[in-house]
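Here is how names work: the chains are called A, B, and so on, in the same order as the sequence lines, proteins then strands, and each is numbered from 1. From a predicted model like this one, the values you see are computed outputs, not experimental measurements.
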Amino acid sequence: MKDDSPELFAAPKSRVVPVLVPMPAPVPYSYVVPEGMAVEAGSIVQVPLGPRQVIGVVWDGPEGGEVDPRKLRPIEKVFDCPPIDKNMRSFLDWVAAYTLSPPGLVARMALRAPAAFDPDPMVEGLRFSGIVPERMTSARRKVLDLAGDGLSWTKSGLAHAGGVSASVIDGLAAQGVFETVFLPPPPLVAKPDADYAPARLEGPQEEAAEDILEGIRSSGFSVALIDGVTGSGKTEVYFEAIAETIRQGRQVLILLPEIALTANFLERFHDRFGSKPAEWHSDLATRTREKVWRQAATGEVRVVAGARSALFLPFEDLGLIIVDEEHDPAFKQEDRVFYNARDMAVVRARIGDFPVVLVSATPSVESQVNCLAGRYRRIHLPTRFAGAALPDLHLIDMRRSPPERGGFLSPVLLKAVGKTVERGEQALLFLNRRGYAPLTLCRVCGHRFQCPQCSSWLVEHRFRGQIQCHQCGYAEPTPQACPECGTLDHLVACGPGVERIAEEVERHFPDARTLVLSSDLGGVKRLRLELEAIANGEADIVIGTQLVAKGHNFPLMTLVGIVDADIGLANGDPRAAERTFQLLSQVTGRAGRTGRKSHGLIQTFQPQHPVMQALVSGDAAAFYEREISERERAGLPPFGRLVSIIVSADTRGEAETHARQLRHSAPMVEGIAILGPAEAPLALIRGRHRFRLLVHGRRSSDMQAFVRTMLERGPKERRSVHVQVDVDPQSFL
DNA sequence: AGCACGCCGACT
DNA sequence: GTCGGCGTGCTC
């Protein structure tokens, strides 16, 4: 019967599957599955693409439609690793649609571990062969005591455990004492123990932990926001949530701003769970990166602590995401695929049907709005944990207590610093300005040093003898003469930077040990050493930029002085107040963990400003309420979830230049998509976006006119239009 | 002439 | 995103 069927004589119809390839195509490409190859949706494959081989993922749905069959090429190979599961695929699709990014580029973020897709190679190990060495030494004795039971060891592991050098092992191996065996690669990190060292929580912390645990035990999707001042025990509380998830046998992801992923954090985790979490961030060594990827995918790694890109790891069974410092702008990715990892974490949790916990001492306005709207559950920790007291904060009205001529520190602040140092305690002076002075000009002709590339002011850095552009990185040695009029030694520094504050401090306190902490003064290593030195009491006065606000603790600090609290309030950013409040709260939160009485002094020219009032009163709720209504008044979405779409028929270079400009001029923008005129109208109409038009660009037109023009004129027309799109705030839940 | 650079289209 | 092809313009 079969013999009669015409199919017998036709070529066997080969299976064709959609594959997402790492390039900005709007749809997956179709590939032929060779005879005998087993692929399923989610399989990670290598496929030919033009002249090269790339890594892609077999995707869902029918293959892309009409492709010329002659173009079809076969899948080269399938990797021996767990396929990307359905939830992850839905998540990647969702992110692509929401961010208006090509799905292939979103998928690429989940595959950023070049050689992770083949199993880890076995490692060479040793096993006691039963042969005893001719001569016995004490070192050899130690080794044999360990290995004598016939278990397998790695060479370095055995040497380390025996307290001998590797050459002892080599010597024994040379006599045939060991046979070579192959071992599965060691796990990256030990499994955390949920009950290793639980914190003893009391009062509000205990209640908060109970609240969170209830959410986790009842399973399913939920969003909680833990909100409490620095030192209120937020970490201890969410560690309980992690413990519970570990007990359930599911994996945990802790998202942190890159800068907060410190040794200190990892140690705290270790102290609680008896092992460190796996780390994931941009400057991980390739091998480690691959291991983390793979072991997250196989489920070997139970807890990953990572920067925003860790959200795209293909966990085997993710059961909880923590987003610590959820307000931090570092969760926003602002190139290629634009996304905010905090929000996408909520989406991933919803798709995976598990809880997500956002954590911050100074939550973002978005999360506040979500709490008020009842979408997120708020868990408030009102007091400091373990007896630590918050510093009491006072404003210094700079109009009433001005600094002496040529200085920037008010006598009130200087006096407080002096007293602190006298008591043998530490003072921190915070100024969010690197360098010596933000602007330099010529006293004779008024010439201002400006960046030749981007026209912002060049900042003098005296320690390095350079003037630098903080916008684009341009730098040149500080000139002796004015480039305009040639006058020598007539350059004046305008305004303070941390270096200049250090100079002023040293003038007033020549005997105190002062230290400047700034991101441009040496690398991570030096910073770590300096932080350690500060913790050991080897400095009296620390002058720091933004980096002192994050994560690091200064246990001996009892005074924090904000040199200029008004910086950043006047830059036109609708988030200026929010950001300033967050930053200054974090900085002042650095003090007061000693148990000693601590103080914060805030120099401002605007003591009535809501940010200053919120800081000293501690009434954050009123501040946020005001911020939300301010945004309403300005016609901005309370979420700040503003996506700019650059619809561009320009060359890509030009569109990218527009994107950069837009980013500077519109800091509320949460995403920028560069779309061609052919795909833009569709994306806009089809997307989850409620959009109000603010069209600007070389030629203003309304959206309809734009669509018409674009469709009529075709892609050759050189024209670019910017459309700001207000994304529906409801849409991501 | 030789090549560096930027633009552009193709890639299943 | 990445490559090759091709035109423009500059240098050995």
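- Side-chain atoms of A:V106 and A:L20, non-hydrogen and from C-beta on, never get closer than 4.5 Å to each other.
- Straight-line distance from the CZ atom of A:R52 to the P atom of B:dA10: 16 Å, rounded to whole Å.
- Residue A:L105 contributes atom CG, which lies 12 Å from atom C1' of C:dT2 at whole-angstrom precision.
- Distance CE (A:M23) to P (C:dG1): 12 Å, rounded to an integer number of Å.
- The CD atom of A:Q46 sits 20 Å away from the P atom of B:dC11 (whole-angstrom rounding).
- Within the structure, a side-chain polar atom (N or O) of A:R73 is placed less than 4.0 Å from OP1 or OP2 of B:dT12.
- At whole-Å resolution of the value, CD in A:Q53 and C1' in C:dT2 are 14 Å apart.
- When the P atom of B:dT12 is taken as reference, atom CD1 of A:I55 falls 17 Å away, rounded to whole Å.
- A donor-acceptor pair under 3.5 Å is absent between the side-chain atoms of A:R342 and the main chain of A:H327, judged by distance alone.
- Taking 4.5 Å as the limit, some side-chain heavy atom of A:R308 sits within range of a side-chain heavy atom of A:Y339.
- Residue A:Y31 contributes atom OH, which lies 5 Å from atom C1' of B:dT12 at whole-angstrom precision.
- Counting heavy atoms from C-beta on, the side chains of A:R448 and A:Q450 never come closer than 4.5 Å.
- A straight line from CZ of A:R108 to P of C:dT2 spans 6 Å, rounded to a whole angstrom.
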